[in-house]
Trainee: 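Encoded as C-alpha coordinates, here's the structure I'll be asking about.
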Amino acid sequence: MTELSLEKTPEEHYAYPDPLGFSGRIGRMRLLAWSLILGLIASVVALLVLLAIKVSPTLAITFGATLTLVFVVVNLRINAQRLHDLNWSAWMLLLHLVPVANLVLTLALLLMPGTPGPNKYGLPPPPNSTAVKVLAWINIVLMILGLFILIIGLALGLQDSLINAANSNSL
(Lines give C-alpha, C1' and ligand atoms only; values in the text may rest on other atoms or scores of the structure.)
Protein backbone atom coordinates (compact mmCIF):
# COMPACT_ATOMS: atom_id res chain seq x y z
CA MET A 1 0.00 0.00 0.00
CA THR A 2 1.25 3.45 -0.89
CA GLU A 3 1.70 5.85 2.01
CA LEU A 4 1.22 9.60 2.10
CA SER A 5 4.25 11.67 2.96
CA LEU A 6 4.30 15.26 4.12
CA GLU A 7 7.47 15.79 2.12
CA LYS A 8 5.65 15.29 -1.19
CA THR A 9 4.03 18.05 -3.21
CA PRO A 10 0.20 17.95 -3.53
CA GLU A 11 0.47 16.58 -7.09
CA GLU A 12 2.38 13.55 -5.79
CA HIS A 13 -0.53 12.58 -3.51
CA TYR A 14 -2.60 11.52 -6.53
CA ALA A 15 -2.18 8.83 -9.13
CA TYR A 16 -3.16 10.06 -12.56
CA PRO A 17 -5.47 7.73 -14.51
CA ASP A 18 -3.84 5.20 -16.78
CA PRO A 19 -5.79 5.49 -20.05
CA LEU A 20 -4.50 2.23 -21.53
CA GLY A 21 -4.25 -0.11 -18.55
CA PHE A 22 -6.43 -1.82 -16.01
CA SER A 23 -4.48 -0.53 -13.01
CA GLY A 24 -5.21 2.66 -11.13
CA ARG A 25 -8.37 4.26 -9.83
CA ILE A 26 -11.08 6.57 -11.16
CA GLY A 27 -13.97 8.18 -9.30
CA ARG A 28 -17.68 8.33 -10.00
CA MET A 29 -17.52 11.57 -12.00
CA ARG A 30 -14.81 10.22 -14.31
CA LEU A 31 -16.81 7.01 -14.77
CA LEU A 32 -19.83 9.05 -15.85
CA ALA A 33 -17.74 11.29 -18.11
CA TRP A 34 -16.05 8.33 -19.81
CA SER A 35 -19.40 6.57 -20.17
CA LEU A 36 -20.86 9.59 -21.96
CA ILE A 37 -17.89 9.82 -24.32
CA LEU A 38 -17.99 6.09 -25.07
CA GLY A 39 -21.75 6.23 -25.61
CA LEU A 40 -21.41 9.07 -28.10
CA ILE A 41 -18.60 7.29 -29.95
CA ALA A 42 -20.63 4.05 -30.00
CA SER A 43 -23.63 5.92 -31.42
CA VAL A 44 -21.57 7.46 -34.23
CA VAL A 45 -19.95 4.10 -35.01
CA ALA A 46 -23.35 2.37 -35.07
CA LEU A 47 -24.62 4.97 -37.53
CA LEU A 48 -21.54 4.50 -39.73
CA VAL A 49 -21.97 0.72 -39.64
CA LEU A 50 -25.62 1.07 -40.65
CA LEU A 51 -24.61 3.30 -43.54
CA ALA A 52 -21.77 0.96 -44.52
CA ILE A 53 -24.18 -1.99 -44.78
CA LYS A 54 -25.51 -0.45 -48.01
CA VAL A 55 -21.98 -0.44 -49.48
CA SER A 56 -20.62 -3.74 -48.21
CA PRO A 57 -22.38 -5.87 -45.59
CA THR A 58 -19.25 -7.93 -44.94
CA LEU A 59 -17.10 -4.85 -44.39
CA ALA A 60 -19.76 -3.29 -42.14
CA ILE A 61 -20.08 -6.40 -39.99
CA THR A 62 -16.30 -6.74 -39.68
CA PHE A 63 -15.90 -3.07 -38.84
CA GLY A 64 -18.78 -3.18 -36.35
CA ALA A 65 -17.55 -6.36 -34.63
CA THR A 66 -14.02 -5.01 -34.30
CA LEU A 67 -15.15 -1.72 -32.84
CA THR A 68 -17.59 -3.51 -30.51
CA LEU A 69 -14.69 -5.55 -29.16
CA VAL A 70 -12.66 -2.36 -28.62
CA PHE A 71 -15.64 -0.74 -26.90
CA VAL A 72 -16.06 -3.73 -24.55
CA VAL A 73 -12.35 -3.74 -23.60
CA VAL A 74 -12.32 0.02 -22.91
CA ASN A 75 -15.54 -0.28 -20.90
CA LEU A 76 -14.07 -3.15 -18.85
CA ARG A 77 -10.95 -1.06 -18.19
CA ILE A 78 -12.98 1.89 -16.93
CA ASN A 79 -15.15 -0.28 -14.70
CA ALA A 80 -12.09 -2.13 -13.35
CA GLN A 81 -10.50 1.17 -12.36
CA ARG A 82 -13.74 2.25 -10.68
CA LEU A 83 -13.82 -1.02 -8.72
CA HIS A 84 -10.22 -0.36 -7.67
CA ASP A 85 -11.35 3.01 -6.32
CA LEU A 86 -13.82 1.12 -4.12
CA ASN A 87 -10.93 -1.16 -3.03
CA TRP A 88 -12.61 -4.12 -4.76
CA SER A 89 -11.05 -6.56 -7.18
CA ALA A 90 -11.75 -6.20 -10.89
CA TRP A 91 -12.93 -9.82 -10.83
CA MET A 92 -16.20 -8.40 -9.49
CA LEU A 93 -16.90 -7.42 -13.11
CA LEU A 94 -17.99 -11.02 -13.60
CA LEU A 95 -21.13 -10.05 -11.69
CA HIS A 96 -22.21 -8.26 -14.86
CA LEU A 97 -22.98 -11.74 -16.22
CA VAL A 98 -25.52 -12.45 -13.43
CA PRO A 99 -28.96 -10.95 -14.17
CA VAL A 100 -29.84 -9.11 -10.94
CA ALA A 101 -26.28 -8.73 -9.67
CA ASN A 102 -25.38 -6.63 -12.72
CA LEU A 103 -27.90 -3.98 -11.67
CA VAL A 104 -26.63 -3.97 -8.08
CA LEU A 105 -23.01 -3.70 -9.26
CA THR A 106 -23.84 -0.85 -11.65
CA LEU A 107 -25.63 1.06 -8.90
CA ALA A 108 -22.70 0.46 -6.53
CA LEU A 109 -20.26 1.81 -9.13
CA LEU A 110 -22.38 4.92 -9.64
CA LEU A 111 -23.42 5.67 -6.07
CA MET A 112 -20.70 4.48 -3.67
CA PRO A 113 -17.87 6.90 -2.91
CA GLY A 114 -14.32 5.70 -3.41
CA THR A 115 -12.03 4.89 -0.54
CA PRO A 116 -10.40 8.04 0.82
CA GLY A 117 -6.64 8.09 0.57
CA PRO A 118 -4.47 5.27 -0.72
CA ASN A 119 -5.75 1.71 -0.88
CA LYS A 120 -4.24 -1.57 -2.12
CA TYR A 121 -4.72 -0.43 -5.73
CA GLY A 122 -2.76 2.80 -5.38
CA LEU A 123 -3.09 6.47 -4.65
CA PRO A 124 -6.47 8.19 -5.01
CA PRO A 125 -7.44 9.73 -8.35
CA PRO A 126 -6.78 13.45 -8.80
CA PRO A 127 -9.54 16.02 -8.29
CA ASN A 128 -11.98 16.27 -11.17
CA SER A 129 -11.41 18.92 -13.80
CA THR A 130 -14.19 21.19 -14.99
CA ALA A 131 -14.52 19.17 -18.19
CA VAL A 132 -15.02 15.94 -16.22
CA LYS A 133 -17.67 17.59 -14.06
CA VAL A 134 -19.53 19.03 -17.06
CA LEU A 135 -19.49 15.71 -18.95
CA ALA A 136 -20.64 13.81 -15.86
CA TRP A 137 -23.54 16.20 -15.27
CA ILE A 138 -24.55 16.01 -18.93
CA ASN A 139 -24.63 12.22 -18.58
CA ILE A 140 -26.73 12.44 -15.40
CA VAL A 141 -29.20 14.82 -17.07
CA LEU A 142 -29.45 12.56 -20.13
CA MET A 143 -30.07 9.50 -17.93
CA ILE A 144 -32.82 11.30 -15.99
CA LEU A 145 -34.35 12.63 -19.22
CA GLY A 146 -34.28 9.14 -20.76
CA LEU A 147 -35.95 7.66 -17.70
CA PHE A 148 -38.57 10.41 -17.75
CA ILE A 149 -39.30 9.79 -21.46
CA LEU A 150 -39.56 6.05 -20.81
CA ILE A 151 -42.05 6.57 -17.98
CA ILE A 152 -44.12 9.01 -20.07
CA GLY A 153 -44.07 6.60 -23.00
CA LEU A 154 -45.23 3.71 -20.83
CA ALA A 155 -47.92 5.83 -19.19
CA LEU A 156 -49.32 7.01 -22.53
CA GLY A 157 -49.10 3.60 -24.17
CA LEU A 158 -46.81 4.84 -26.92
CA GLN A 159 -44.74 1.68 -26.86
CA ASP A 160 -47.61 -0.31 -28.43
CA SER A 161 -47.91 2.06 -31.37
CA LEU A 162 -44.14 2.07 -31.88
CA ILE A 163 -43.99 -1.74 -31.77
CA ASN A 164 -46.89 -2.01 -34.21
CA ALA A 165 -45.26 0.54 -36.53
CA ALA A 166 -41.95 -1.32 -36.39
CA ASN A 167 -43.66 -4.64 -37.12
CA SER A 168 -45.48 -3.15 -40.11
CA ASN A 169 -42.34 -1.28 -41.28
CA SER A 170 -44.19 2.03 -41.27
CA LEU A 171 -44.44 4.97 -38.95
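Remember, predicted model here, so these are calculated numbers, not experimental data.
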Trainee: Going through the distances and angles, do L59 and I53 end up as a side-chain contact (heavy atoms from CB on, under 4.5 Å)?
Mentor: CA-CA 8 Å; L59 179 65; I53 286 177; over 6 Å; no
Trainee: Answer yes if L103 and L111 sit in the same cluster of Ile, Leu, Val, Met, Phe, Trp and Tyr residues linked by side chain heavy atoms under 4.5 Å apart, and no otherwise.
Mentor: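 Shared cluster, yes.
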Trainee: Are L110 and W34 grouped together when hydrophobic residues (ILVMFWY) are joined by side-chain heavy atoms under 4.5 angstrom apart?
Mentor: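 Same hydrophobic cluster.
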Trainee: Enter the distance from N79:CG to L95:CG here, rounded to the nearest 0.5 Å.
Mentor: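 Result: 12.0 Å between the selected atoms.
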Trainee: To the nearest 0.5 Å, tell me how far L94 CG sits from W91 CH2.
Mentor: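 The distance works out to 6.5 Å.
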Trainee: To check you understand the geometry: which heavy-atom pair defines the closest contact between N139 and L32, and what is its length?
Mentor: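 Smallest interatomic distance, heavy atoms only, reads ND2-O, 2.8 Å.
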Trainee: Find the distance between CD (Q81) and CG (L76) and round it off to the nearest 0.5 Å.
Mentor: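 It is 11.5 Å, given to the nearest 0.5 Å.
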Trainee: Identify the two heavy atoms, one from L105 and one from M92, that lie closest to each other, and give their separation to 0.1 Å.
Mentor: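 Scanning both residues, the minimum pair turns out to be CD2-O, 3.4 Å.
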Trainee: Could you state whether I41 and V134 fall into the same hydrophobic cluster, counting links through intermediate Ile, Leu, Val, Met, Phe, Trp or Tyr residues with side-chain heavy atoms under 4.5 angstrom apart?
Mentor: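 Yes; V134 is reachable from I41 via cluster members.
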Trainee: Search all heavy atoms of S89 against all heavy atoms of L83 and return the closest pair with its distance.
Mentor: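 Nearest pair, atom of S89 first, then L83: O-CD1, 3.7 Å.
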Trainee: When rounded to the nearest 0.5 angstrom, what distance separates CG in N75 from CG in L31?
Mentor: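 Those atoms lie 8.5 Å apart.
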Trainee: If hydrophobic clusters are built by linking Ile, Leu, Val, Met, Phe, Trp and Tyr wherever their side-chain heavy atoms come under 4.5 Å apart, do W137 and I37 end up in the same one?
Mentor: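 Result: no, two separate clusters.
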Trainee: Between the main-chain N or O of P125 and the side-chain N or O of D85, is there a donor-acceptor pair closer than 3.5 Å?
Mentor: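 Side chain of D85 to backbone of P125: no pair is present.
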Trainee: What's the spacing between M143 CE and S35 OG if we round to 0.5 Å?
Mentor: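 It is 8.0 Å, given to the nearest 0.5 Å.
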Trainee: Check whether any side-chain heavy atom of L135 lies under 4.5 Å from a side-chain heavy atom of M29, and answer yes or no.
Mentor: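 No, too far: nothing below the 4.5 Å cut-off.
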Trainee: For P113 versus L86, what's the shortest heavy-atom pair and its separation?
Mentor: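 So the two residues come closest at O-CD2, 3.3 Å.
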Trainee: Quick one: does N102's side chain get under 4.5 Å of L97's, heavy atoms only?
Mentor: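 In short, these two side chains do not touch, never coming nearer than 4.5 Å.
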Trainee: Would R82 count as a cation-pi partner of W88, with NZ or CZ less than 6.0 Å from the six-membered ring centre and within 45° of the ring normal?
Mentor: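 Not satisfied by the 6.0 Å and 45° rule.
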Trainee: Looking at H84 and R25, would you say the former's side chain and the latter's main chain have a donor-acceptor pair under 3.5 Å?
Mentor: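 Here the side-chain-to-backbone pair does not exist.
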Trainee: Which pair of heavy atoms, one from N128 and one from K133, lies closest together, and at what distance?
Mentor: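 Taking N128 first and K133 second, the nearest heavy atoms are O-CE, 3.6 Å.
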Trainee: Measuring from atom CD1 of I140 to atom CG of L145, what distance do you get when rounded to the nearest 0.5 angstrom?
Mentor: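 The distance works out to 13.5 Å.
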Trainee: When you look at I78 and R30, which way does the side-chain contact (heavy atoms from CB on, under 4.5 Å) test go after all the steps?
Mentor: CA-CA 9 Å; I78 291 167; R30 274 198 172 81; over 6 Å; no
Trainee: In this structure, would I26 and V72 fall into the same cluster of hydrophobic residues linked by side-chain contacts under 4.5 Å?
Mentor: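 Yes, I26 and V72 fall within the same hydrophobic cluster.
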Trainee: On a heavy-atom basis, which atom in M112 and which in R28 lie closest, and how many Å separate them?
Mentor: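 Heavy-atom minimum between the residues: O-CD, 3.4 Å.
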